[in-house]
Structures are given as C-alpha cells and as structure tokens.
*Asks:* 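Input: one structure, supplied below.
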Amino acid sequence: MPTIAIDAMGGDHAPEDVVKGVAQVSLATDIECLLVGDERRIQEQLEGVSYNPEHIAILHCRDVIGMAEEPREAMRRRDASLLVGTRAVAEGRADALVTAGNTGACILACAKHFPLVRGIRRAALASVYPRHVEYAGQDRFALLLDVGATVRCEPEELVHFAVMGAGYARRISKVASPRVALLNMGSEENKGGETLVAAHRRLRALGGINFVGNVEGNDLVRGRADVIVCEGLVGNIALKLIEGVSEVFTDLASVAAERRLTWRFGLRLLARGIERLRELTDYAQYGGSPILGFERLCIKCHGRSTAQAVANAVKVAAKAVRDRVPAEIAAAVAAVG
Amino acid sequence: MRLGNPRRRGRSAPPATSLVCRWDLDKTYLRSEFTTLRQLLRTAFERPEQKVDVPGVAELIRALKAAAESRGQTALVYFVSASPPQIGKSIRAKLALDGVPYDGIVFKNQLEHLRRGKFRNLREHVGFKLVELLRGHLAAPADTQELCFGDDWESDSLIYSLYADILAGHLAAAPLTAILMRIRVDPLLVAEVIDLATRVSGRDAVERIFINLERRTPPATFRLFGPRVVPTFNYFQTAVVLAVMGRLRLEDVTRIGTVLVERSGYTARRLDNSLDDLVRRGYLTLPAAERLAAPLRATGLLSLPAPRTRWRRMLVRLGRWRPRRSKARPVTSPGALDYDAILARVQPAARHAAASGGTP
C-alpha cells in the first residue's frame, strides 16, 4: 500500500478537517497515512473521531505556513509542516504529498525538493473539474492544466503540459487516447497571439497525443476534450469561475426559496436534481489538483477543503502512486522527445 | 526484558496474588454480527468452526495464564456473556478449538426473562453482568487482582467501572441504587447487586479495564471513565499495556504480534503505528515503548528505523517532548467516577445501540 504524507496544518480548516479526512481514509482503506504537523494538536483531533491507528503515523513539526504568507519568505521556515512533508516524500518516507496549504509555497517546496521529470521545464498544477458527458461511459471529469503553477508560458511548456495531462488522464481516468485541446479565444488555429499559435502548430505536428485543436471557454464544461491546456493565469480564472457559478447557483436557489411560497414548493420538487447538480460540481468530490512534472507526486487541495475533500485527495494520491503516474509522464515525454 | 519506568519498577511489579481475568464474549472474544435479525439467527446457528475470534485474543488469554504461571501465580479466566445458554455448547466447542483455557463461563438465561414477561431485561445487561461479576468476585480468593476485558458496542466500560468502584468501596448503596435505577435495571437485580455489594471487602481489586474498540468509537469518549479504562484498537496494543504492567512477558507480546502478522495480514508498520498510538494517548511512556520496541525490531516484528535518519529522529524526539509524554497515565482513580456525566453521555448511545439491535 502506498504511503501518503498529508500536511495536517495546511488549509483554512486545519488541522480539524484534515485530520478528520485522514481518519475517514484510515477506516475505509489500507492506505498508509503520514500526518505531518503538531503531534499534540493532531492527536487531540484524532481522539475525538473514529480512526484506525494502524494506518496512521504522525511526523511531528512545530511550524505552519499561513495561507496568506509570501511563498518565497515561507521557504525559509524549514520546520513548517509543508516543507517537512515535502522532504519526507523526497527522502522516500512517503510516496506522495497531499496539502491544502499555501499554493505558492507548495509549488516552491515541490520545485525545491522534487526533481523535474527529464525533458520537462516547468511543472503544472492540473485540476480535475466536472463536465458534460457526451456519450455513455465517458469520464464525467476533465483535466485542466495549468491552473496556477506557471503564470505565463512558452509554447514548448504548453506542449509539455499537453503531454503530461494526456499521461495523467491515461492512467487515472483510464482513457486510452485522451482528447487534448488548447484553450483559446477561437477555434481557428491562428487565434490567440504568438504563444498560442506556436503551441497549436507544435501540438498539431506532435505524434503520440490525440490533439483536437482549440476550444473556447464555453467548451470547458462540454465533453469536447479530456485534457485542456492553458497558461496558469487563464486556467486559474477559468477554474474559479466554474466553482463560483456552482456556488452561486445553489445560493440563488436557497434565496429564491425564502422569497415566495410557490418558488419554495417548486424548488422542493427539484431538490433532488439540485442536490445532484451540487454533488457533480462540488470540488470536495474530486479531492485535489495534481502538480505534474515532478518525479514525485503532490496533490494540492483547495484551501477550504472539507474532511471529505481531503479524504478524496488522499485516495487520488494513492491511486496515482499505484498507477505510476510520474513514470507514465516520464515515458510520454521521452516518447515525444 | 524488564519494561516500565525503571524508577517505578518496584511499584509496577505484580503482587504475589492470583489474577482473575473477566472477559466479555461477543465483540471481545468473538467477531459476532448482530446488527440484523438475519445475522442474529446466523450467529445462533453457527457451528463452532464457523465462529471467528478477534485476531490475537486466544493467544492473549493463553499468554496471561502462562505468564502468571511463570511467576508462580495462577490466572483464572472467566467469561460473562449476555448470550443465551442455548448457544453455550457451540461457544465451549469454539473455545476448545482455539485451545483457550478458561475456568468458568456464564450465560444470560434469556428464555427465563421471556417466560416471566420481562422483555426489557432481554436487552438490559448491566444488572445481569454486575450480579455475575460480584458473585464471581465473592467466590474468588480474597487477595486476587482483576483485569476486565470488554468492547465498545454496549456498556462494558460502564459495567466494569461500576464493578471496580463497588469493589473499591467507592460507591455506597444509595448512589449505586440511584445509578442502577437510572439505567432502568430490574429492581430485583438492583436489590441483588446492593446485597452483593455490601459483602465485598472494599479493596481496589480491578487493575485495568480493557475495551476493544471493535466499532472504532473515538477514544476520547472513554475519558470520563478515568485512567483505569484503556481503549485499545487491537490485541497487540492490549498486550503491550499488559507487558508494561508486568502481566505479560516480552515473548508473549512477540507471539501475539506474530500471530497478527501471520494470520491477520498485519504488517510491521501497522504494529509500529499501534505502538506509537499508545504512546501518544499516554498509556505508555516513550522510554518504555523504546525498551519494548528494540527486541521486537530485532525479531523483525517491528520495522527497523532508517540508520541515516538517526540524528533527525533524536531531534524530533527532543522536539516532541512534552510533560504528558514523560509519564504514563496513572492507573488508579482517586474515587468514584462522575457517573452523572457518564450516564448523560452513555445513555443516548445505549438507546441507539438497542434500537439498532445492539449485541448481547
């Protein structure tokens, strides 16, 4: 069974929800969990919930990197849970890291301690998000990368992201030939400026991946592509927009229910459908975002992650370790040169 | 191999009296399933070879007896079960199959309660078990020490704590009656408990109460029961605490750990984690854990630490030093527990368990 290091102190609801999530995993699976953080606080939380101690170890450290801290400054705090956890993975004590902590610090910590896959220049933060399913059996999630690790990219880096994303989708989503697309402001290949045009040209010429061309923003939630590639700035905005729309939709429904009795009655009739939609778009369902491009794996959870989101992220990390995702990515990169 | 705090060895060495181990049966010894009527019926008609024991329990009972004998003492093992005597034959055969030596077994005569129309007594076990425990204690030699073993499915921690406080003379007749009435124990049984309680010596005879966390109840739930109650997640943890108390030998702990690895899929890491959990919960000091772990690592039962991280581990150990870790939890409680607080917490859970068909 893989060992997953979990930054117990990172996130808005840490350590409470992180520890609860790990406790859930310890009861339901054989995944070995290594909780990294203040042992006393972690143990206090553990003893208040159902857990299986046989699958939980604690790596004690005192320091925590705050969510709003400047990432480069935070790198100096060697005893912070995020850095101790990253080192534990780098030294082979764990196979992957899960954190809901400071995203910038997480990417810097990975860059500092994990070697990049040979041939890769920049890592990418990939996000799994729900999308419309076009045919029976299609995975209801797509992969969007990069969503924040590399703000501006060179064409070659976008090509690498495409290769890494395809490798991840092959292993995790079990799609034999995932459709890869470039997020752009038009479907024509000459749209979007020099970088995107050059990236499009290279991807079109590249063998080994199923490139389906450019997709626009409205295609994100349709089933046109399994892997959508973009710069970190654009990806982050797109991802937050998807999450925001989902949250606003459910908020609007509850506000409407308070306004009129007839609306309340109508919504009650639709309640199961709304709940289904909320479940589909709930980030807690798909855990976290893998940081791809390193020889070691890191799953970055949402800062607001609940216990369920943490539990799902740990399961995704274990699946990625079992399915040898970094090795798949290295092989894919080597294959395309 | 000597365990425990060296400065306290004199005090932690077991006295030269006999030991009585009182065991619950379902969920403590046997992995019985009672959550549905179908499971209940299946359990009732199971053949002895179909019954499944909790990993390591048979070895633990044998080890308790053998360790006592090696010190020139006797360890008596009694089972008190709320299961009906009709399944007694099958249970006795199962114990014989497992090679478990025991000195007595008591079942609850459920048919008698049915015949008398006392339907509430079918699911209320506190009165029945207290009477049987007190009878057993009065029949045992005067200077015996006792260990109690139960689980987290029903009220074992409450029953054994009441029993321990009655033996220690911490509960007078009036408060005991009030507690039992509040739990809705049959008045006839209340009178019997009070009668038996007046005849005990007032000696603090129960050393520890071990609760097998079969349903993974949060350990914090048991804080109200004081340090005498030790919730454990597996019988390796139980064996470790018993070894530190001087009730088991190192080889017994090794044997129980080996059985868990060989028959139940445990790994060295799972046992490592179990040991660490006991330290974190304060049932074992870090030095005692390390004294115990060293020979277990030598036998391969626990994993070996990576040599290159030795200095780092020492630093981590220094870093995580806290007053709480420097000594294990005290064993005895100064007086009776706060049963008002316990019942306020336990009764809703007990009602829920009864509603969902809790185990006898």
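In the text below, chain A, chain B and the rest are named by the order of the sequence lines, each starting its count at 1.
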*Asks:* Answer with side chain, backbone, both or neither: which region of A/Leu27 has an atom nearer than 4.5 Å to a non-hydrogen atom of chain B?
*Replies:* side chain

*Asks:* Which residue pairs pass the side-chain hydrogen bond (donor to acceptor under 3.5 Å, both in side chains) test when at least one of the two sits in residues 3-13 of chain A, sequence neighbours left out?
*Replies:* A/Thr3-B/Arg269, A/Asp7-A/Ser81, A/Asp7-A/Thr99

*Asks:* Quick one: does any side-chain atom of A/Ser50 pair with a main-chain N or O of B/Arg216 as donor and acceptor, under 3.5 Å?
*Replies:* yes

*Asks:* Roughly how far, to the nearest 0.5 Å, is CD of A/Glu54 from CG of B/Leu271?
*Replies:* 8.0 Å

*Asks:* Which bit of B/Phe222 is near chain A, if near means a heavy-atom gap under 4.5 Å: side chain, backbone, both or neither?
*Replies:* neither

*Asks:* Show the numbers, then the answer: is there a side-chain contact (heavy atoms from CB on, under 4.5 Å) between B/Arg280 and A/Glu47?
*Replies:* CA-CA 10 Å; B/Arg280 291 196 302 267; A/Glu47 288 188 37; 5.7 Å; no

*Asks:* For A/Tyr51 versus B/Phe233, what's the shortest heavy-atom pair and its separation?
*Replies:* O-CE2, 3.1 Å

*Asks:* Does A/Arg322 CZ have over 12 foreign heavy atoms under 6.0 Å away?
*Replies:* yes

*Asks:* List the atom of B/Asp277, the atom of A/Pro53, and the distance in Å for their closest heavy-atom pair.
*Replies:* CG-CB, 3.5 Å

*Asks:* Kindly give the heavy-atom pair with the smallest separation between A/His55 and B/Asn273, and that separation in Å.
*Replies:* C-ND2, 3.9 Å

*Asks:* Taking only residues two or more places apart in sequence, or in another chain, which ones meet A/Phe294 in a ring-ring contact (aromatic ring centres under 6.0 Å, His included)?
*Replies:* none

*Asks:* How long is the span from the OG atom in B/Ser274 to the CG atom in A/Asn52, to the nearest 0.5 Å?
*Replies:*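 B/Ser274 atom OG to A/Asn52 atom CG measures 7.5 Å (nearest 0.5 Å).
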
